[in-house]
Chemist: 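Below you will find the structure I want to go over with you.
Residue numbering restarts at 1 for every chain, and letters A, B, ... go by the order of the sequence lines.
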2 protein chains.
Amino acid sequence: MQAVQYPVIVNGITSPRRERADAARNRVKILTAAAGIVATHGVEGLSMAEVATAAGVGVGTLYRRFGDRSGLAYALIDEREREFQAAFIEGPPPLGPGAEATARIRAFLHALTDRTVEQLDLLLMAETAAPLARFGGAYDGYHAHLSMLIAQARPGADAYVLADALLAPLAAPLLAHRLRGRGVTAERVKAGLDDLLAAFTT
Amino acid sequence: MQAVQYPVIVNGITSPRRERADAARNRVKILTAAAGIVATHGVEGLSMAEVATAAGVGVGTLYRRFGDRSGLAYALIDEREREFQAAFIEGPPPLGPGAEATARIRAFLHALTDRTVEQLDLLLMAETAAPLARFGGAYDGYHAHLSMLIAQARPGADAYVLADALLAPLAAPLLAHRLRGRGVTAERVKAGLDDLLAAFTT
DNA sequence: AACATAAACCGGAACTGATTCCGTTTGCAA
DNA sequence: TTGCAAACGGAATCAGTTCCGGTTTATGTT
């Protein structure tokens, strides 16, 4: 996955080069079409060719813009993703700053659980389109955040590895497998994570 | 994945129907050819068409026998898998029965880590060939075993969910991502799991 | 204000690899 | 010997991804 990256706008000044008008127009068309397909046919209907056709665009354009299937899926949940990131980075406690590290860890894992369950279909597709797709998107952000909190809550521990370990149970494939049909619910998953966190709390 | 299942042989008596001679011959040819390809070209070279050609068999046969790419990969690691299962089910403690539940949990997770790292390439392929492939193979065995131990070590806890949570960090994609290039080692992963287990030990 | 030009972008044909289908062949047991 | 379920092989299908010759656009120039 290596979608086109555009310069970030800082203080109204854009670096190198701005996105071309036709490109911007197409991006909107593509995302709109894709969202429409998901809404009507579910994620199963979301094939690259379908999206391209529905958007009135060539598949090449689609790949240029989003890199691959996984990239397209992540783009579709981008908005909600930004909200979530904002919430744990600068939102109100206990998710955001201001609460104790332990409380924030707990709040973060609960919130991530909810968010994942909420968009399970798209996340499942995004994470499994390519073998390591999960570690290309928002994962690094979650990991950095959780690492920091763990380091605070538990000085001396291997925060880097522990963060992975706590994020792992929230991988879309596992949740999808357990939440469908079997009696496992989001609440049970959260409770289980709380149980694991006991090691930190005490 | 839904490879053909053959009757288990119990006390020399085979149930329903035995595998046909030509089928057995082909299975050996396929596995031999596949192992050869992996040895010479790595797992990347393991395409279904390649294997079929090398084995002198049609692709249809390959699918009839192993269900899909994932099934073929699991078949290739089956021997080692049986050893591992035997070790934690009836081998010497602390991995096998005879030790305390907490010790067995720890031993199990360490052993599983080693085993996974050892065959990381094939496991990565096996687990990511299809979105939920991981939960079709040996996973249920691990989960049942770990659930039992957790229930013993921690009566009242949600062993079912906790078992998933402890197995999740050992998913092939995560390990592959961390062990390649970044300073994470199998030992660090094990130490991290031990840290999580502190909640049980105390 | 029209123009020239290179960088970006476009579309869709072509390619790749997994999986399915189905007419044909084979092994086994009656 | 014969019947048929099981197995076979490989063509056909399907979806993701790559390629590349042909446009469009942003920008500097006249």
Side-chain angles (χ1 to χ4, degrees), chain A residues 1-7 14-30 33-34 37 41-75 125-133, chain B residues 1-7 14 16-30 33-34 37 41-75 125-131 133:
Chain A
M1 213 278 277
Q2 44 167 329
V4 183
Q5 284 305 328
Y6 283 102
T14 73
S15 36
R17 197 171 290 280
R18 100 164 50 153
E19 183 181 22
R20 253 171 58 168
D22 52 348
R25 205 181 315 134
N26 277 334
R27 190 184 50 208
V28 173
K29 284 200 292 184
I30 292 170
I37 290 177
H41 303 291
V43 288
E44 317 80 48
L46 199 70
S47 76
M48 298 304 262
E50 287 282 325
V51 175
T53 303
V57 156
V59 288
T61 302
L62 222 162
Y63 278 90
R64 156 174 308 282
R65 193 62 45 192
F66 301 102
D68 62 9
R69 218 168 109 77
S70 179
L72 177 60
Y74 276 123
M125 167 174 158
E127 291 184 12
T128 58
L132 301 180
Chain B
M1 214 277 276
Q2 42 165 330
V4 182
Q5 285 304 328
Y6 284 102
T14 73
R17 195 173 292 279
R18 104 162 44 151
E19 182 181 24
R20 245 169 63 167
D22 53 346
R25 203 181 316 132
N26 277 333
R27 190 184 51 207
V28 173
K29 285 200 290 184
I30 291 170
I37 290 177
H41 303 291
V43 288
E44 317 80 47
L46 200 70
S47 77
M48 299 304 262
E50 289 280 326
V51 174
T53 303
V57 155
V59 289
T61 303
L62 222 163
Y63 277 90
R64 158 173 305 283
R65 192 63 45 190
F66 300 102
D68 63 7
R69 216 168 111 78
S70 179
L72 176 59
Y74 276 124
M125 168 174 157
E127 292 183 12
T128 58

Chemist: To the nearest 0.5 Å, what is the distance between CZ on R64(A) and CD1 on I30(A)?
Modeler: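 Atom-to-atom, R64(A):CZ and I30(A):CD1 are 11.0 Å apart.
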Chemist: Within less than 4.0 Å of OP1 or OP2 of dG11(C), is there a side-chain N or O belonging to T61(A)?
Modeler: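 The answer is yes; a side-chain N or O of T61(A) sits under 4.0 Å from OP1 or OP2.
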Chemist: Does R65(B) place a side-chain N or O at less than 4.0 Å from the phosphate oxygens OP1/OP2 of dC8(D)?
Modeler: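 For dC8(D), OP1 or OP2 has a side-chain N or O of R65(B) closer than 4.0 Å.
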Chemist: If the cut-off is 4.0 Å, is N26(A) near the phosphate of dC9(C), judged by side-chain N/O to OP1 or OP2?
Modeler: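 Looking at the OP1 and OP2 atoms of dC9(C), neither is under 4.0 Å from any side-chain N or O of N26(A).
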Chemist: Using a 4.0 Å heavy-atom cut-off, write out nucleotides 12-23 of chain D from 5' to 3' as B (base contacted by protein), S (sugar-phosphate only) or - (no contact).
Modeler: ----SBBB----
Chemist: Using only atom types and a distance under 3.5 Å, with no angle test, would you say the side chain of R69(B) pairs donor to acceptor with the backbone of T128(B)?
Modeler: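 No; zero donor-acceptor contacts below 3.5 Å.
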Chemist: What's the shortest heavy-atom distance between Y74(B) and A133(B), and which atoms?
Modeler: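 It is OH-O, 3.7 Å.
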Chemist: Rounded to whole Å, please give me the gap between CG in L62(B) and P in dG17(C).
Modeler: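 So the two atoms are 15 Å apart, to the nearest Å.
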Chemist: Could you tell me how far apart R25(B) (CZ) and dC8(D) (C1') are, to the nearest whole angstrom?
Modeler: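 Between C1' of dC8(D) and CZ of R25(B): 12 Å.
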Chemist: List for me each residue that meets side-chain contact (heavy atoms from CB on, under 4.5 Å) alongside T53(A), sequence neighbours excluded, and say none if there are none.
Modeler: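 side-chain contact (heavy atoms from CB on, under 4.5 Å) check on T53(A) returns nothing, list empty.
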Chemist: How long is the line joining CD of E19(A) and P of dC9(C), in whole Å?
Modeler: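 Going from CD in E19(A) over to P in dC9(C) covers 8 Å.
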Chemist: Heavy-atom distance under 4.5 Å between the side chains of E19(A) and R27(A), does that happen here?
Modeler: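 A side-chain contact under 4.5 Å exists here.
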Chemist: Which nucleotide sits closest to the side chain of A21(A): dC10(C), dC8(D), dA26(D)?
Modeler: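 Side chain of A21(A) sits closest to dA26(D).
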Chemist: Output all residues satisfying side-chain contact (heavy atoms from CB on, under 4.5 Å) with A52(A), sequence neighbours left out; order by chain, then residue number.
Modeler: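 Testing A52(A) for side-chain contact (heavy atoms from CB on, under 4.5 Å), a comparison that skips the adjacent residues, returns V59(A), L62(A).
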